[in-house]
Amino acid sequence: MTDLTRLTLTEARDGLKAKQFTATELAKAYIAAVEAARGLNAYVLETPEHALKQAAASDEKLAKGEARPLEGLPLGIKDLFATEGVRTTACSKILGNFVPAYESTVTAQLWRDGAVMLGKLNNDEFAMGSSNETSAFGAVVNPWRRHGSDAKLVPGGSSGGSAAAVAADICLAATATDTGGSIRQPAAFTGTVGIKPTYGRCSRWGTVAFASSLDQAGPIGKTVRDCAAMLRSMAGHDPKDTTSVDRAVPDYEAAIGRSIKGMKIGIPKEYRIEGLNAEIDALWQKGIDWLRAAGAEIVEISLPHTKYALPAYYIVAPAEASSNLARYDGVRYGLRAPGKDIVEMYEKTRAEGFGAEVKRRIMIGTYVLSSGYYDAYYLRAQKVRTLIKRDFESVYAQGIDAVLTPATPSSAFGIGEKGSADPVEMYLNDVFTVTVNMAGLPGIAVPAGLDAQGLPLGLQLIGRPFDEETLFSLGHAIEDAAGRFTVRERWWA
Ligand code: GLN
């Protein structure tokens, strides 16, 4: 039999329906691949028994001709999604061995549609980071390496485990979350596709909260089509999340291959930042040429408040995080460090349980929300956020269908290479992605080429609210022109 782990999600779906292999065979192939790839540290918990049980149920459904949309397809789940009866930690020591008594809405919908869970995937602690190095479980290793080098590179973050697992073929696709770039940046660093849907498209219920007004779940997959199939199951209205929107979920896969002729693509001049890496600039130009060749019209646009997005994000996100993380006090979940009284117990638990980056965010957030500073920082950042949103609204009002930008300012960097002396060096990874969260818009990262070191680079497309379909059509046009980028040698196995 051919190596089942080389298949894409939608190829595996079609293969199961055509009875070329069974869901149990597929699950077993993945379980073996996961075990062989432990050196990448992508999974923080493997759940093979769970996978085999679900696969057996899928085989029954398939035999009866009752296959659901994701029947028998093995997935990895970011450890930010609560999974009933399965340890969920957000990769923080403070959650200890927390086992939720409930399932997140997004994962519940994946199981409703027949998917199979291989395990929980590594991420930056509470999704704060761009390299997966803040995880209490340690760094994830990117399956990609530079030409002629065995230096270990980061897979990006915070969904580093998700992106590495998809790129290493140790799941067919993965769930991820994106608050400032955590789906798109790791996708770009690993040659995979990632989409952050419009704010409100996926329910946040049962997903560990970082910054509630920015957080969105989305998939990371091997192809644009795979992401479309995943998002259809993940998205939808949920009465348990009042910010989730009651709007029908389209058949996203139908958008794949749709003509992009006549679409207007905006190229924002503010993204041509000073000192932009020449290879990334060249790739952006290639993306423009590909879309033009496919019939799109290219329009230079201006998003004048872009330069304030990153500083404003690093006020809004920590402010919300400081409030959300107040609940980890040693009483309700996970870790408890005893103290002589309740205050000392709180203090010791939080001092021991949170890592350095999370503490930094809580301190920044508490500071910008404190009286005397609230107006100067938090309120101002909220106003900037409105202006960023208006920038996009005005270009969309001019008839722009989507905006094309680079996904990241660099390719994957080495483990330990960035951010230890100056955290801002790490924060700069998100310059191209945070605007999208601040404006609540959908954004997709699609691999578009390799740099001179042989590492993948991605392009980002930003869409109108709830127009993920256009992103899938355009993303597929880029994929069609650029081809797929897969790791040639499985050096870790
Ligand atoms: N890297 C950004 C941060 O550290 C975004 C993380 C995310 O999207 N979860 O806040």
Side-chain angles (χ1 to χ4, degrees), residues 5 8-10 12 30 34 37 40 42-44 70 73-81 106-107 110 115 117-124 127 129-132 140 142-144 154-197 201-202 207 215-235 252 407-408 412 433 436 442-448 456-461 468 471-472 475-476 479 484-487:
T5 65
T8 67
L9 178 98
T10 43
Y30 269 100
V34 168
L40 298 177
Y43 281 87
V44 295
L70 298 175
L73 302 174
L75 307 179
I77 302 300
K78 186 177 183 178
D79 207 26
L80 228 62
F81 293 87
V106 162
T107 49
L110 293 169
M117 177 167 74
L118 289 164
K120 302 299 289 285
L121 294 164
N122 209 337
N123 52 254
D124 278 298
S130 303
S131 64
N132 214 111
V140 173
N142 192 330
W144 288 84
V154 304
S158 67
S159 311
S162 305
V166 173
D169 294 324
I170 53 175
C171 61
L172 277 170
T175 64
T177 62
D178 190 315
T179 305
S182 280
I183 291 176
R184 293 157 288 156
Q185 184 255 15
F189 275 16
T190 56
T192 58
V193 181
I195 180 163
K196 181 204 89 76
R201 184 65 289 189
C202 290
T207 309
D215 297 345
Q216 256 304 285
I220 292 182
K222 300 186 192 188
T223 65
V224 176
R225 180 184 290 280
D226 286 6
C227 283
M230 282 285 285
L231 185 61
R232 191 179 186 189
S233 292
M234 294 170 73
Y252 292 122
T408 58
T433 49
V436 178
I444 192 169
V446 183
L457 292 172
L459 289 172
Q460 172 179 238
L461 288 153
E468 284 80 6
L471 297 187
F472 286 124
H476 183 255
E479 190 178 52
R484 264 188 73 201
F485 300 89
T486 51
V487 182

- prompt: Do the non-hydrogen side-chain atoms of Asp215 and Thr207 ever get within less than 4.5 Å of each other?
  reply: no
- prompt: What's the shortest heavy-atom distance between Thr190 and Pro456, and which atoms?
  reply: C-CG, 3.8 Å
task: State the CZ-CE distance between Phe81 and Met117, to the nearest 0.5 angstrom.
output: 12.5 Å
task: Please test Val446 against Leu459 for side-chain contact (heavy atoms from CB on, under 4.5 Å), starting from the C-alpha separation and ending with a verdict.
output: CA-CA 5 Å; Val446 183; Leu459 289 172; 5.6 Å; no
query: Do Val166 and Cys171 come within less than 4.5 Å of each other through their side chains, counting heavy atoms only?
result: yes
message: Between Gln185 and Gly157 (side chain of the first, backbone of the second, donor and acceptor by atom type, cut-off under 3.5 Å), is there such a pair?
response: yes
query: Are any side-chain N or O atoms of Asp178 and backbone N or O atoms of Ile195, one a donor and one an acceptor, separated by less than 3.5 Å?
result: no
query: Would you call Asn122 and Tyr43 a side-chain contact if the rule is heavy atoms closer than 4.5 Å?
result: no
task: Ignoring hydrogens and angles, tell me if any N or O in the side chain of Arg184 forms a donor-acceptor pair with the backbone of Thr433 under 3.5 Å.
output: yes
message: Please give me the minimum heavy-atom distance between Trp144 and Ala167, naming the atom from each residue.
response: NE1-CB, 4.2 Å
field: Value rounded to 0.5 Å, distance of CD1 in Ile77 from OG1 in Thr107
entry: 6.0 Å
- prompt: For the residue pair Pro219 and Met230, what are the closest heavy atoms and their distance?
  reply: CB-CB, 3.5 Å
- prompt: Which distance, rounded to the nearest 0.5 Å, do you find between the CZ of Phe189 and the OG of Ser131?
  reply: 9.0 Å
- request: Search all heavy atoms of Ser182 against all heavy atoms of Ala127 and return the closest pair with its distance.
  value: OG-O, 4.1 Å
message: Please give me the minimum heavy-atom distance between Val193 and Cys227, naming the atom from each residue.
response: O-SG, 3.4 Å
side-chain contact (heavy atoms from CB on, under 4.5 Å) between Val154 and Asn132, worked out: CA-CA 7 Å; Val154 304; Asn132 214 111; over 6 Å; no
- prompt: Less than 4.5 Å apart, any side-chain heavy atom of Arg201 and any of Pro442?
  reply: no
message: Using every non-hydrogen atom in the two residues, find where Asp124 and Ser130 come nearest and quote the distance to one decimal.
response: OD2-N, 3.5 Å
task: Determine whether the side chains of Thr10 and Asp226 contain a donor N or O and an acceptor N or O closer than 3.5 Å.
output: yes
- request: Report yes if some heavy atom in the side chain of Ser162 is under 4.5 Å from a heavy atom in the side chain of Thr175; otherwise report no.
  value: no
Test log, rule side chain to side chain donor-acceptor pair (under 3.5 Å), inputs Asn123 and Ser159: CA-CA 5 Å; Asn123 52 254; Ser159 311; over 6 Å; no
query: Rounded to the nearest 0.5 Å, what separation is found between the CG atom of Leu118 and the CD1 atom of Ile170?
result: 9.0 Å
Lys78 versus Ser158, side-chain donor and acceptor atoms under 3.5 Å: yes
task: With the side chain counted from C-beta on, respond yes when Val436 and Lys196 share a heavy-atom pair under 4.5 Å apart, and no when they do not.
output: yes
- prompt: If we only count heavy atoms from C-beta on, is the Asp169 to Lys222 side-chain gap below 4.5 Å?
  reply: yes
Beyond-backbone contact of Leu231 with Cys202, side-chain heavy atoms, under 4.5 angstrom: yes
- prompt: Between OG1 of Thr192 and CD1 of Ile220, what distance do you get to the nearest 0.5 Å?
  reply: 5.5 Å
